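Data first, discussion second: the structure below is written as structure tokens.
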Amino acid sequence: MKLTKCGHACVRIEKDGKVLVIDPGAFTDAAALEGADAVLITHNHFDHADRDKLLTLSPEVTVWTCQGVAEGAAEGLRVQTVRHGDTFEDAGFSVKVFGEWHAANHPDVPIVDNVGFLVDEELFYPGDAFTVPPVPVGTLLVPTGAPWLKLSEVIEYLRTVKPARAYSTHDALYSEQGLGLVDNWLKMEADKQGADIRRLPVGDSVTLS
């Protein structure tokens, strides 16, 4: 599988000529959805689910997502609701669903539902949560910048999941100086764990075995 960082919380996964896109939100260029064969959305926040972008999808493309996104989906969009414990296949990718809720954010903001996706038993994308799947994870997309997280939680999450590879997501809120801090934090943890833990610049790709 080829993984490409598309901006903030969005990634493209390519395999055998098929394209799976996860969380194409408002901070992501619309080109991220070009040629998409399937789309996964973790939760109903604008930086993960941009409805205008989703309306550009071909009619045969299914959007797999939680109930909160499905309830507000535009008419004509092909949507399938999934929950914790579900499994499905689309466009040649196998997907398992883990997690139920977004991490606590502002005390006056209700907590929304949030699902994480394990793709091909290899890549886990938790959305806006620190969900720990009950199965081994080879590659983890780890959130590194948000009002709902702090550095100690990021490090604890990495040490609990213990992936062979982990790449930063949810990092568009940082300045260049802030991204430098993220790079330093992840390098320190990579050295400690002897794993490939780092931030992928937007547009960069890695191949997952």
Side-chain angles (χ1 to χ4, degrees), residues 3-13 20-33 39-54 63 65-66 68-69 72 98-117 123-132 137 139-161 163 165-190 195-206:
L3 168 70
T4 302
K5 176 72 172 289
C6 294
H8 189 53
C10 181
V11 295
R12 278 173 64 99
I13 306 169
L20 176 68
V21 179
I22 307 179
D23 279 9
F27 299 155
T28 300
D29 192 284
L33 282 170
V39 175
L40 311 181
I41 296 180
T42 59
H43 66 282
N44 192 24
H45 282 165
F46 75 98
D47 55 333
H48 293 257
D50 185 322
R51 284 170 173 74
D52 289 338
K53 289 186 177 70
L54 295 177
V63 177
T65 187
C66 63
V69 175
F98 298 110
E100 297 179 90
W101 299 107
H102 191 288
N105 205 333
H106 192 283
D108 297 336
V109 176
I111 295 175
V112 300
D113 49 345
N114 178 100
V115 292
F117 298 104
L123 172 70
F124 184 63
Y125 187 107
D128 280 9
F130 290 124
T131 302
V132 178
V137 173
T139 304
L140 176 68
L141 294 180
V142 56
T144 56
W148 52 267
L149 65 73
K150 56 185 178 181
L151 173 60
S152 61
E153 295 172 325
V154 174
I155 300 305
E156 180 181 1
Y157 189 46
L158 288 167
R159 294 181 182 181
T160 300
V161 178
R165 294 159 296 279
Y167 305 113
S168 169
T169 187
H170 215 281
D171 50 20
L173 301 183
Y174 282 111
S175 64
E176 286 302 314
Q177 291 86 350
L179 290 174
L181 288 175
V182 171
D183 291 338
N184 288 337
W185 296 332
L186 296 183
K187 183 179 186 307
M188 289 171 61
E189 195 60 24
D196 181 17
I197 301 174
R198 56 192 165 98
R199 178 177 62 88
L200 293 176
V202 175
D204 278 17
S205 302
V206 291

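Keep in mind the model is a prediction, meaning the values are calculated, not measured.
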Residues Arg198, Asp204: salt bridge by 4.0 Å N-O rule = no

query = Side chains of Pro163 and Phe124: closer than 4.5 Å at any heavy-atom pair?
reply = no

inquiry  = Any side-chain to backbone donor/acceptor pair from Thr28 onto Gly7? Under 3.5 Å, distance only.
reply    = yes

message = Donor-acceptor check, side chain of Arg199 to backbone of Leu186, threshold 3.5 angstrom: yes or no?
response = no

task = Could you tell me whether the side chain of Leu3 reaches within less than 4.5 Å of the side chain of Leu141, counting heavy atoms only?
result = yes

ask   = NE2/His170 to CG/Asp47 distance, rounded to the nearest 0.5 angstrom?
value = 4.5 Å

ask   = How many angstroms lie between CG in Leu123 and OG1 in Thr139, if you round to the nearest 0.5 Å?
value = 6.0 Å

ask   = Any donor and acceptor pair, going by atom type alone, linking the side chain of His8 with main-chain N or O of Ala172 inside 3.5 Å?
value = yes

key: Any side-chain donor near an acceptor of the partner, His45 and Asn114, under 3.5 Å   = no

ask   = Distance only, no hydrogens: is a donor on one side chain within 3.5 Å (strictly under) of an acceptor on the other, for His48 and Asp23?
value = yes

query = If you draw a 6.0 Å radius around CD in Glu156, do more than 12 non-hydrogen atoms from other residues or ligands fall strictly inside?
reply = no

ask   = Pro143 and Val154: which non-hydrogen atoms are nearest, and at how many Å?
value = O-CG2, 3.4 Å

ask   = Has the side chain of Tyr174 got a donor or acceptor atom that lies under 3.5 Å from a matching backbone atom of Thr144?
value = yes

message = If I take atom CZ from residue Phe46 and atom CG from residue Asp52, how far apart are they, to the nearest 0.5 angstrom?
response = 13.5 Å

request  = Check whether any side-chain heavy atom of Lys5 lies under 4.5 Å from a side-chain heavy atom of Asp171, and answer yes or no.
outcome  = yes

task = Kindly indicate whether the side chain of Thr131, heavy atoms from C-beta on, has any atom under 4.5 Å from the side chain of Trp101.
result = no

ask   = Do Tyr157 side-chain atoms and Ala129 backbone N/O form a donor-acceptor pair below 3.5 Å?
value = no

ask   = Would you say the side chain of Cys10 lies within less than 4.5 Å of the side chain of Phe27, judging by non-hydrogen atoms?
value = no

note = On a heavy-atom basis, the closest approach of Cys66 and Asp113 is CB-OD2, 3.6 Å

Residue pair Pro24 / Cys6, side-chain heavy-atom distance below 4.5 Å = no

query = Just how far is it from atom CG of Asp128 to atom CG of Asn105, taken to the nearest 0.5 Å?
reply = 8.0 Å

Heavy-atom check, side chain of Leu54 versus side chain of Val39, under 4.5 Å = yes

